[in-house]
> 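My structure is below; once you've seen it, I'll send some questions.
Sequential numbering from 1 along the given sequence is applied to the chain's residues. Not measured: the values here are computed from a predicted model.
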Amino acid sequence: MTSRILIAGIGNIFLGDDGFGPEVMRHVCDRVDGSDGLRATDYGIGGMHLAYDLLEGWDALVLVDALPNRGSPGTLHVFEADHGEHELTPALDAHGMDPAVVFASLRALGGVAPRTVVVGCEVADVTDGIGLSEPVQAAVPGAVTAVESAVAMLRAADHSLREV
């Protein structure tokens, strides 16, 4: 049985580098046809849409998002999300996209967050405007590769657990 993995890009394309997730998803969605247990979707700023889709019982989630600038714009970070560290009461905002609020909304709806790998990029500029800064745009191909690697890692981990 093939594991079901949702690949979700999030971000606001009207806030410069916050559009990183949607830009990466333009490339990822072209490579995913859904027939092998994968679904790739650009959620933009539709946080509640993502929360509702997560109710479908996905085995894993790969979340592609912009990260705060920590001094190295364009730097990619890949890490596993810790769903236990945020205990927020969800503010039901159909147009909000704070991942912590998405996961809190999912819990409020009776769902459980799947294992989540985040592929993120440090931003340079999130002021009003369309288009990524040069260092963030340069990180897009590496992010596409990181998404593919995360999917492969999640599938390998799932396969090894099923063999036990």
> Do Cys121 and Leu67 have side chains that approach each other closer than 4.5 Å (heavy atoms only, starting at C-beta)?
no

> Give the cluster check for Val78 versus Val144: same hydrophobic cluster or not, with ILVMFWY residues linked at side-chain heavy-atom distances below 4.5 Å.
yes

> Out of curiosity, Arg31 CZ to Cys29 SG, how far, rounded to the nearest 0.5 Å?
11.5 Å

> Just wondering, more than 12 heavy atoms not from Glu134 lying within 6.0 Å of its CD?
no

> Begin with the C-alpha distance, continue with both residues' side-chain angles, and end with the deciding distance and a verdict on side-chain contact (heavy atoms from CB on, under 4.5 Å) for Val112 and Arg107.
CA-CA 6 Å; Val112 176; Arg107 284 190 301 275; over 6 Å; no

> I'd like to know if Val126 and Val101 are part of one continuous hydrophobic network [Ile/Leu/Val/Met/Phe/Trp/Tyr, side-chain heavy atoms within less than 4.5 Å].
no

> What is the minimum heavy-atom distance between Ala146 and Val119, and which atoms define it?
CB-CG1, 3.9 Å

> Show the nearest heavy-atom pair for residues Leu132 and Gly19, with the distance to one decimal.
CD2-C, 3.8 Å

> According to a 4.5 Å side-chain heavy-atom criterion applied to Ile, Leu, Val, Met, Phe, Trp and Tyr, with indirect links allowed, do Met153 and Val147 form part of one hydrophobic cluster?
yes

> Donor-acceptor check, side chain of Asn69 to backbone of Val123, threshold 3.5 angstrom: yes or no?
yes

> In Å, rounded to the nearest 0.5 Å, how long is the span from CZ of Phe103 to OG1 of Thr116?
4.0 Å

> To the nearest 0.5 Å, what is the distance between CD (Glu148) and CD1 (Ile7)?
8.5 Å

> Flag the pair Ile13 / Pro22 as yes when at least one side-chain heavy-atom distance between them is below 4.5 Å, and no otherwise.
yes

> Would you confirm whether Asp18, through its side chain, and Asn12, through its main-chain N or O, come within 3.5 Å as a donor-acceptor pair?
yes

> Using the side chain to side chain contact (heavy atoms under 4.5 Å, CB included) definition, which of the options Val24, Thr145, Leu76 pairs with Val140?
Val24

> Are Ile10 and Leu63 close enough that some pair of their side-chain heavy atoms sits under 4.5 Å apart?
yes

> Please evaluate residues Val118 and Val62 with respect to the criterion side-chain contact (heavy atoms from CB on, under 4.5 Å), reporting the C-alpha separation (whole Å), side-chain torsions for both, the decisive distance (0.1 Å), and the verdict.
CA-CA 6 Å; Val118 177; Val62 177; over 6 Å; no

> Which heavy-atom pair separates Gly120 from Phe20 by the least distance, and what is that distance?
C-CE2, 4.3 Å

> Check the side chains of Asp17 and Ser133 for a donor-acceptor pair under 3.5 angstrom, ignoring hydrogens and angles.
yes

> Check whether Glu122 reaches the backbone of Ser72 with its side chain - one donor and one acceptor, N or O, closer than 3.5 Å.
yes

> Please check if Leu106 and Leu6 belong to a single hydrophobic cluster, counting links between Ile, Leu, Val, Met, Phe, Trp and Tyr side chain heavy atoms closer than 4.5 Å.
yes

> In Å and rounded to the nearest 0.5 Å, what is the CG to CZ distance from Leu38 to Arg4?
10.5 Å

> Show, in sequence, the C-alpha distance, side-chain angles and deciding distance for Arg39 and Asp53, and conclude whether the side-chain contact (heavy atoms from CB on, under 4.5 Å) test is met.
CA-CA 11 Å; Arg39 184 167 86 195; Asp53 281 356; 3.1 Å; yes

> Looking at Pro73 and Pro135, what are the two nearest heavy atoms and their distance?
O-CB, 3.6 Å

> So, taking the atom named CG in Leu109 and the one named OH in Tyr52, what distance separates them when rounded to the nearest 0.5 Å?
4.5 Å

> I need the Leu61 CG to Ile5 CD1 distance, nearest 0.5 Å.
10.0 Å

> Specify the closest pair of heavy atoms between Ser3 and Arg155, including all atoms of both residues, with the distance to one decimal.
OG-CG, 3.7 Å

> So, for Ala40 and Val28, which heavy atoms are closest and what is the spacing to 0.1 Å?
CB-CG1, 4.0 Å

> For Ile130 and Phe14: C-alpha separation, side-chain torsions, deciding distance, then whether side-chain contact (heavy atoms from CB on, under 4.5 Å) applies.
CA-CA 5 Å; Ile130 297 175; Phe14 298 109; 3.6 Å; yes

